[in-house]
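These notes are about the structure you will find just below.
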Amino acid sequence: MELLNIKNLDLAGKKVFIRCDFNVPMDEFGNISDDRRIRSAISTINYCLDQNCAVILASHLGRPEGQVVSKYSLIPVARRMHHLLKREVELSADVVGDDALDKASKLKSGEVLMLENLRYEAGETKNDKELSKKLASMADFYINDAFGVSHRAHASVEGITHFFDDKHKAAGFLLQKEIDFLGKIIQNPVRPFAAIVGGSKVSGKLEALINLLPRVDKVLIGGGMAFTFLKKLGYDIGASLVEDDLLEEAGRIMEEAKKLGVKFYLPVDVVAADKFSEDAISRIVSYQEIPSGWMGLDIGPATVRLYGEVLSDVQTVLWNGPMGVYEMDKFARGSNKIAHFVADSYATTIVGGGDTADLVQRIGVDDEMTFISTGGGASLELLEGKILPGVASLIRKED
Ligand code: AMP
């Protein structure tokens, strides 16, 4: 799959609309706690500025649900962008109101305008055609550099692409990089290829698991989702997280893995706790001995050791989802240990999903990973073999 390339556009001196993903985490005082997503957009923005373009930046932040909610204003993002670009970044007071349209029409070459939070407009998440049209009317070119929302058919992501022909739209460098990298891995991984899949639920990753099976050599399960598989195998999982309606599906996945010769690993021990809390009483127990009423909140040391062995010969590792409730120190050990195994390996290592990216960053091994995807849901949908709605009309047609 080849995407329309920004380098093939005749951008010189023109007005460019860049859809970015500035949906960054903030603390309770409105300070940006991780600006990776803002920094990731810089190369596309600088490329356009080097072409003497007038640049309009647009993004959502949080879920204001069609209302103007001041805590979701892009003011801190515009300020950070100003520091990073070392040039003025003007923020419009609205998205497609008088102020935004006026500022966009007066924008000159080399200037940068940021629109207020796209989700202040209810039409954004509804892929409203009128909103797409108004956004498109601001610029000559459209660039999508927002991989993290490309799995959403939203007005600034999908609808807007229909207002530009193939000579006036393209993928930005970040989107291109994500699609290239993840696409290559899924098409032609260096083997053995292991997928480590964790997180809370099977349901969120069911399709991804099914789709990954024919492509991988090993699957290592962790996190809350492990218990649905363990229950299906007939074990008593106490009060651990479980999705009873997916027991059959879990059985089918394990059957399919066996049929395909894929090694499918489940935790052999867990850190069990009497409640879901940092001050819970906890104990390391085998998966067959979870006390009644207790819940497994992390993988145990034997599982860490086993998974370390299993990962020792792999050449490609894809990791999506923590091994336990890593937000609580008490249940973060399993995830931390696995993060170190992955970081220290000589394999190509890909981390997908906001939680997993957050986790490797917290313990400082993010630089050791080959690739950290900026999109959680988007990277999974891509790995499921889906064509993302925001990417569909940026695919280059055969000449
Ligand atoms: P997901 O959004 O599905 O990737 O899940 C991430 C969340 O799963 C994190 O917030 C973890 O705290 C949570 N999680 C991981 N392991 C468990 C577990 N054993 N029980 C409950 N929640 C878990």
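Remember, it's 1-based here, ligands and their atoms both numbered in the order they're listed. Please read these numbers as outputs of a predicted model, since none were measured by experiment.
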_Under the rule for side chain to side chain contact (heavy atoms under 4.5 Å, CB included), what residues qualify as partners of Asn188, not counting sequence neighbours?_
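None.
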Residues which pass side chain to side chain contact (heavy atoms under 4.5 Å, CB included) with Ile387, listed by chain and number, not counting sequence neighbours: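 With sequence neighbours excluded, Ile387 shows a side chain to side chain contact (heavy atoms under 4.5 Å, CB included) to Met1, Ala392, Ile395, given in chain and number order.
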| message | The criterion is salt bridge (charged side-chain N to carboxylate O under 4.0 Å, His left out); which residues satisfy it with Glu178, sequence neighbours excluded? | response |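 With neighbours one apart ignored, the set is empty.
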N/O pairs closer than 3.5 Å, ligand 1 and protein:
from	atom 1	to	atom 2	distance (Å)
ligand 1	3 (O)	Ser200	N	3.1
ligand 1	3 (O)	Ser200	OG	3.1
ligand 1	4 (O)	Lys205	NZ	2.8
ligand 1	5 (O)	Ser200	N	2.9
ligand 1	5 (O)	Ser200	OG	3.4
ligand 1	8 (O)	Ser200	N	3.1
ligand 1	10 (O)	Glu327	OE2	2.5
ligand 1	12 (O)	Glu327	OE1	2.7
ligand 1	12 (O)	Glu327	OE2	3.4
ligand 1	16 (N)	Gly224	N	3.2
ligand 1	19 (N)	Gly224	N	3.4
ligand 1	19 (N)	Gly296	O	3.0

Worksheet item: So Tyr287 and Tyr235, would you call those rings parallel, tilted or perpendicular, with 30° and 60° as cut-offs?
Response: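 Tyr287 and Tyr235: perpendicular rings.
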Going hydrophobic residue to hydrophobic residue with side-chain gaps under 4.5 angstrom, can you get from Tyr307 over to Phe227?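 Yes, it is one cluster - the side chains of Tyr307 and Phe227 are joined through contacts under 4.5 Å.
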Checklist entry - Is it true that Asp166 and Lys397 make a salt bridge, defined as a side-chain N closer than 4.0 Å to a carboxylate O? => result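 A salt bridge is present here (some side-chain N lies under 4.0 Å from a carboxylate O).
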